[in-house]
Amino acid sequence: MIDPKRLRDETDVVRESLKKRHFPEEALDHFLTVDKQWRVKLQEVETLKNKRNQLAPKGKPSPEQLKELKEMSDQVKKEQEGLAELEANTRKAAMEIPNVLSEDVPVGKTEDDNIEIEKVGEVPSFSFKPKEHDEVALKLGLLNFDKAGVITGSRFVLNTGLGAKLERALIQLMLDLHTDKHGYYEIMPPVIVHSRSLEGTGQLPKFADDCFKIEGTDYWLSPTAEVQLTNMYRDSILKEDDLPV
């Protein structure tokens, strides 16, 4: 989430970035509106709280003073409830605005406008038409789409026999290679996360409709391990000497 202070102070920069992204500028306008409402209400609540504190007698209060203090406290409580709702709306509006683009990002409408920075290796050429990987795997009995369709539905697949063994072996190979040779540290995270973790890595609120939520809870199925790994360091300050992690 962009710092709300930047959204207020660098409105032109943010708006220009939204234009380059072809993102609706109304998102910024909406934030500025609800943010102003929240800050006005915040000032009103602080003024009420100060007034209530000034009314508090130094000695034993009279019945009239107690009544006035209670009325003032009830009013403060009511205003604070409205303030909390406005604050939540402001936070949600800020989270809807994508990050400001770096100045070296090429501006365009389609992927054809992207700039090729580097090409590694040579694209192979064949004297025959190569088969798709799934065609080869089906012929060898490594995959089964029909059974997966019975279990789950279309576009899912079972890895079977040597196909399942190959998948397991590749996972083990990559884990062993990177943890033994490249200095990586292995983590087996929980597959369920809460909303704050998804907000921390940008899946919420934008991709709420694409994530799987456990009904009646604040739990979601994690879409990718970056959620857990990134949130391991949420609310932490990493020393430069400890980087990279």
Candidate pair Leu83 and Trp38, rule side-chain contact (heavy atoms from CB on, under 4.5 Å), full reasoning: CA-CA 6 Å; Leu83 178 65; Trp38 169 64; 3.5 Å; yes
Stepwise side-chain contact (heavy atoms from CB on, under 4.5 Å) test for Met1 and Arg91: CA-CA 9 Å; Met1 184 178 79; Arg91 175 177 171 79; 3.8 Å; yes
Check against salt bridge (Lys or Arg N to Asp or Glu O under 4.0 Å), Asp29 and Arg15: CA-CA 9 Å; Asp29 296 329; Arg15 192 178 299 280; 2.9 Å; yes
Check against side-chain contact (heavy atoms from CB on, under 4.5 Å), Gln203 and Thr224: CA-CA 10 Å; Gln203 279 81 12; Thr224 168; 3.9 Å; yes
Evaluation steps, side-chain contact (heavy atoms from CB on, under 4.5 Å), between Asn159 and Arg168: CA-CA 10 Å; Asn159 290 62; Arg168 176 162 51 88; over 6 Å; no
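Side-chain contact between Ile187 and Met232 is present, with heavy atoms from C-beta onward closer than 4.5 Å. For the pair Arg234/Thr230, no side-chain contact is recorded, criterion being any heavy-atom separation below 4.5 Å from C-beta on. Counting only heavy atoms from C-beta outward, the side chains of Arg196 and Asp218 never approach each other to under 4.5 Å. Side-chain contact check for Trp220 versus Ser197: every heavy-atom pair is 4.5 Å or farther apart.
What you find for Arg52 and Leu69 is that their closest heavy atoms are O-CD2, 3.7 Å. For the pair Val34 and Ala93, the tightest heavy-atom approach, listed with the atom from each and the gap, is CG2-CB, 3.9 Å. When all heavy atoms of Pro106 and Asp113 are compared, the pair lying nearest together is CB-O, 4.0 Å. The shortest non-hydrogen separation linking Leu101 to Ser17 is N-OG, 3.0 Å. Closest non-hydrogen pair, Ile2 versus Asn99, comes out as CG1-OD1, 3.8 Å. Ile97 and Leu28 get closest at one heavy-atom pair: CD1-CA, 3.9 Å.
When the side chains of ILVMFWY residues are joined at heavy-atom separations under 4.5 Å, either directly or via intervening members, Phe156 and Val150 end up in two distinct hydrophobic clusters. A single hydrophobic cluster is not seen to contain both Leu48 and Val40; linkage of ILVMFWY side chains at heavy-atom distances under 4.5 Å, directly or through other members, places them apart. Leu229 and Val193 end up in different hydrophobic clusters when Ile, Leu, Val, Met, Phe, Trp and Tyr side chains are linked at under 4.5 Å. Both Leu32 and Val14 are part of a single hydrophobic cluster, where members link through side-chain heavy atoms under 4.5 Å apart. Under the 4.5 Å side-chain heavy-atom criterion for Ile, Leu, Val, Met, Phe, Trp and Tyr, Val136 and Leu142 are members of the same hydrophobic cluster.
Remark: Ile192 CD1 to Thr217 OG1 distance equals 8.0 Å, nearest 0.5 Å. The NZ atom of Lys5 sits 8.5 Å away from the CD atom of Glu10 when rounded to the nearest 0.5 Å. Atom-to-atom distance recorded for Asn231:CG and Leu198:CG is 8.0 Å, nearest 0.5 angstrom. A distance of 11.0 Å separates CZ of Arg39 from CD of Gln37, quoted to the nearest 0.5 Å. Between atom CG of residue Leu66 and atom CD of residue Glu71 there is a gap of 11.5 Å, rounded to the nearest 0.5 Å. In this structure, CG in Leu143 is found 11.5 Å from CG in Leu162, a value given to the nearest 0.5 Å.
With hydrogens and angles ignored, the 3.5 Å screen pairs no side-chain donor or acceptor of Thr152 with any backbone N or O of Gly149. Not a single donor-acceptor pair under 3.5 Å links the side chain of Ser102 to the backbone N or O of Val105. Under the 3.5 Å distance criterion, the side-chain polar atoms of Ser222 are left unmatched by any main-chain donor or acceptor of Pro190.
Glu64 and Lys67 are not joined by a salt bridge, as no carboxylate oxygen comes within less than 4.0 angstrom of a charged side-chain nitrogen. One finds a salt bridge joining Lys92 and Glu96 here, because a Lys/Arg side-chain nitrogen approaches an Asp/Glu carboxylate oxygen to under 4.0 Å. By the 4.0 Å N-to-carboxylate-O rule, Asp74 lies too far from Lys78 to be salt-bridged with it.
Around atom NE2 of His133, no more than 12 heavy atoms belonging to other residues, nucleotides or ligands sit under 6.0 Å away. Under a cut-off of 6.0 angstrom, the local environment of NZ in Lys213 is crowded, with over 12 non-hydrogen atoms contributed by other residues, nucleotides or ligands. The number of heavy atoms from other shown groups lying within 6.0 Å of CD (Glu85) does not exceed 12. Other residues, nucleotides and ligands place more than 12 heavy atoms under 6.0 Å from the CD atom of Glu44. No more than 12 heavy atoms of other residues, nucleotides or ligands shown are found within 6.0 angstrom of OH on Tyr184.
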